Amino acid sequence: MSDTLSRVPGGAEAPSDFIRDAIRQDLRDGRFDRVHTRFPPEPNAYLHIGHAKAIWIDYGIAREFGGLFNLRFDDTNPLKEEQEFVDAIIEDVRWLGADFGDRLFFGSDYFEQMFTWAVQLIEKGKAYVCDLSPEQMRETRGTLTSPGTDSPFRERSVEENLDLFTRMRAGDFPDGTRTLRAKIDMASPNLVMRDPVMYRIRHASHHRTGDTWSIYPSYDWAHGLEDSIEGITHSLCSLEYEIHRPLYDWFLDELGIYHPRQIEFGRLGLSYTVMSKRRFVELVDGGFVQGYDDPRMPTLAGMRRRGYRPEAIWDFCERAGVGGRADVTIDAHVLEDCVRVDLNKVSRRLFAVLNPIKVVLLNVPEGETRWIEAVNNPEDPEAGTRKVPFTREIYIERDDFRKEPPPKFHRLYPGNEVRLRYACFITCVEVIEDADGEIVELHATIDPETWSGDAPDGRKPKGTIHWVSAEHGVEFEARLFDHLFGVPDPDDVPEGGSYLDNLNPDSLRVVHGIAEPTIRELTPEDRVQFERVGYFCLDRDSASGRLVLNRTVSLKDSWAKIEKAQASGQKG
RNA sequence: UGCCCGAUAGCUCAAUUGGCAGAGCGCCUGACUCUGGAUCAGGAGGUUCCAGGUUCGAGCCCUGGUCGGGCAGCCA
């Protein structure tokens, strides 16, 4: 192993995958003497978890190898691109923590240089102006199994091409009437190489260049040039561009300019959701979600609003890995696990009850408030403690009580004693029901000897439950999210069906809970764990007097698992 | 009936130059606990898509199949 290599980050200890291996090889061979990557989004949509993987690869590799990382907008199509998306993407990339420093670039800044290079190709006889209509071009391109035919304009003179191309730029011709094409091979088995379009006429206003251009470069022509101009070493992109690599190389070789290396990786998919811009639009426009940042959406904006931290997303990308040369779909539960692991370390704990039932503690005097010290985060001693009010009437989770306890149920039931977390032991002495047999209230007694946390006789209740003082409790709205789709693969539909048929009707459930007063201290995007319930994040919809919390993810519910096992055990 | 890519545990993926097939998640047991959380220990689970071939030895190399995906925008 090279000594130099093992000293730089990414040399010796760094993860190994086919991309990193290829880069190390390039460094050893002297093909490149540094590493410089870029993330090149088109500003026409919001970023999603799939983009996070690309950023993780681009930025992560640059950092590991001590190289540079650019954020570059590939804005070559004025019809689809908007400043709104530029702003949103920059915000998302920053939020993720991918540091591009001052290296924020726009493909449109290079239009003039691209034009100059196009003229060079024309002069070299490698590009020509073609008058074919879009339909004619399609017809002459051939098919997957048959070659195309040469355009009748393929052999125009350099002078005529130059004149026409200049007039295209000047705006002399209507949209769609002419293109500049590379002269390669209409019989190539790779359709991408059949005289691809380099420029098309578009009398459209661009979000950055305004009306200065009436021709715009195509992706294939522009992308390699952008990489070359910025001195990118490794142009990492998804698998769909693999077939474009010969063209990427062709342009750079014909121009004889600095030549980065394109390497493709598999796209990242997530189960129980969809990941295309078109479908995002359908979900939003169809009112199935409330926006691109709806917490159920796999967009970075949605995940942020839901309460995910970038750390969890990085961890997820790492677990997914670069993998082989294939697209991968990772189980959504893996992402959720990453979120739990991350939030567990950093979240303050709070008491909140989502489905309350009142408990009257008969031997606690009315009007008395006892302030209990509670640990803010057992995982982080520095998070300190807080005081939680305890009174005669409290709320507990309805699920934490059963009139007739099933086996292994260690929570509250008539005659049973449980621990109120951080407080004392209580025993249920009476169940109050209404005329319909609905439980409306419980009566219980506390053991005053157990305030220290231990009983003098050493007995230990099997269950510990959370609680909220009825007098001090603060009401809030909880938005409980579930997978947007009811099945792992939304595209798994019968003939003629739509992925929309698989929408999960219960992906959003709104309930009203009661929490300890500390909840009032939260500000939007603050994350907490409601003990024994799950992780929540204050939504920006919260206004004075109205608290809205998004459930980021529930805790693993092992009791639910036991119950499920019991239920299936009975029938089996 | 073209070109390119893929197929490994229930799921998603690993496996240096060919050298005893692994991980995470899920599942099952158990331990521990003031979150039935977290944590810890153990376990089950495989014809590496199929058929040939090369090799002392093949998940890996070769040939032929099967199945799945991508490619015929003046999108990126």
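Since the model is a prediction, treat every value here as computed from it, not as a measurement. A note on names: the letters A, B, ... follow the listed sequences, proteins ahead of strands, and every chain is numbered from 1.
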Pick base, sugar-phosphate or nothing for [X], based on heavy-atom distances below 4.0 Å to the nucleic acid.
X      : answer
A:I330 : sugar-phosphate
A:E531 : base
A:Y199 : nothing
A:R138 : sugar-phosphate
A:S146 : nothing
A:G321 : nothing
A:L132 : base
A:H223 : nothing
A:Y216 : nothing
A:R421 : base
A:T329 : sugar-phosphate
A:N190 : nothing
A:R181 : nothing

For [X] and [Y], test the side chains for any donor-to-acceptor distance below 3.5 angstrom and give the result as yes or no.
X      : Y      : value
A:Y46  : A:E84  : yes
A:R349 : A:N377 : yes
A:E81  : A:N77  : no

By nearest-nucleotide position on RNA chain B, the 5'-leaning member of A:V341 and A:I243 is A:V341
5'-most contact on RNA chain B: A:D454 or A:P134, nearest heavy atom basis? A:D454
Starting from [atom2] on [N], measure out to [atom1] on [X] and report it in whole angstrom.
X      : N      : atom1 : atom2 : value
A:I49  : B:rU12 : CD1   : P     : 18 Å
A:L343 : B:rA38 : CG    : P     : 14 Å
A:E318 : B:rC25 : CD    : C1'   : 16 Å
A:I372 : B:rC34 : CD1   : P     : 17 Å
A:D327 : B:rA7  : CG    : P     : 12 Å
A:D131 : B:rC74 : CG    : P     : 15 Å

Is any side-chain N of the basic residue among A:R348 and A:D380 closer than 4.0 Å to the acidic one's carboxylate O? no
[N]: pairing nucleotide in any strand, Watson-Crick or G-U under 3.5 angstrom:
N      : result
B:rA21 : none
B:rA7  : B:rU66
B:rG2  : B:rC71

For the [atom1] atoms, the ones on [N] and on [M], what distance do you get once it is rounded to whole angstrom?
N      : M      : atom1 : answer
B:rA23 : B:rA9  : P     : 14 Å
B:rU12 : B:rG69 : P     : 15 Å
B:rC3  : B:rU48 : C1'   : 27 Å
B:rC28 : B:rA44 : P     : 16 Å
B:rU16 : B:rC60 : C1'   : 12 Å
B:rU8  : B:rU55 : P     : 29 Å
B:rA38 : B:rC25 : P     : 11 Å
B:rA14 : B:rG46 : C1'   : 15 Å

Could you say whether the aromatic ring of A:H333 and the base of B:rG26 stack, counting only centre distances under 5.5 Å and plane angles under 30°? no
Looking at the side chain of [X], which of [options] is the nearest nucleotide?
X      : options                : value
A:T464 : B:rG36, B:rC74, B:rA38 : B:rG36
A:D74  : B:rG36, B:rC13, B:rA76 : B:rA76
A:Q529 : B:rG2, B:rU35, B:rU12  : B:rU35
A:V197 : B:rG24, B:rC74, B:rC13 : B:rC74
A:E379 : B:rG24, B:rA38, B:rC74 : B:rA38
A:N344 : B:rG37, B:rG2, B:rC11  : B:rG37

Using a cut-off of strictly less than 4.0 Å, decide whether [X] has a side-chain nitrogen or oxygen near OP1 or OP2 of [N].
X      : N      : result
A:K460 : B:rC34 : yes
A:T76  : B:rA76 : yes
A:R200 : B:rA76 : yes
A:R532 : B:rG36 : yes
A:R141 : B:rC74 : yes
A:K556 : B:rG36 : no

Distance-only donor-acceptor test, A:R349 side-chain atoms vs B:rU35 base atoms, 3.5 Å: yes
Within 45° cone of A:F165 ring axis and under 6.0 Å: A:R156 NZ or CZ: no
Any cation-pi pair here, A:R421 with A:F351, using under 6.0 Å and within 45°? no
Does B:rG73 count as syn, meaning its glycosidic angle lies within 90° of 0, or as anti? syn
Mind checking whether A:Y241 and A:H223 have side chains closer than 4.5 Å, heavy atoms only? no
Carefully, step by step, assess A:D447 and A:R459 under the rule salt bridge (Lys or Arg N to Asp or Glu O under 4.0 Å). CA-CA 12 Å; A:D447 180 348; A:R459 70 181 195 283; 2.7 Å; yes
Quick one, A:D75 with A:R208, criterion salt bridge (Lys or Arg N to Asp or Glu O under 4.0 Å). Give me CA distance, side-chain angles, the key distance, then yes/no. CA-CA 9 Å; A:D75 53 351; A:R208 300 201 92 226; 5.1 Å; no
When the aromatic ring centroids of A:W56 and A:F316 are compared, is their separation below 6.0 Å? no
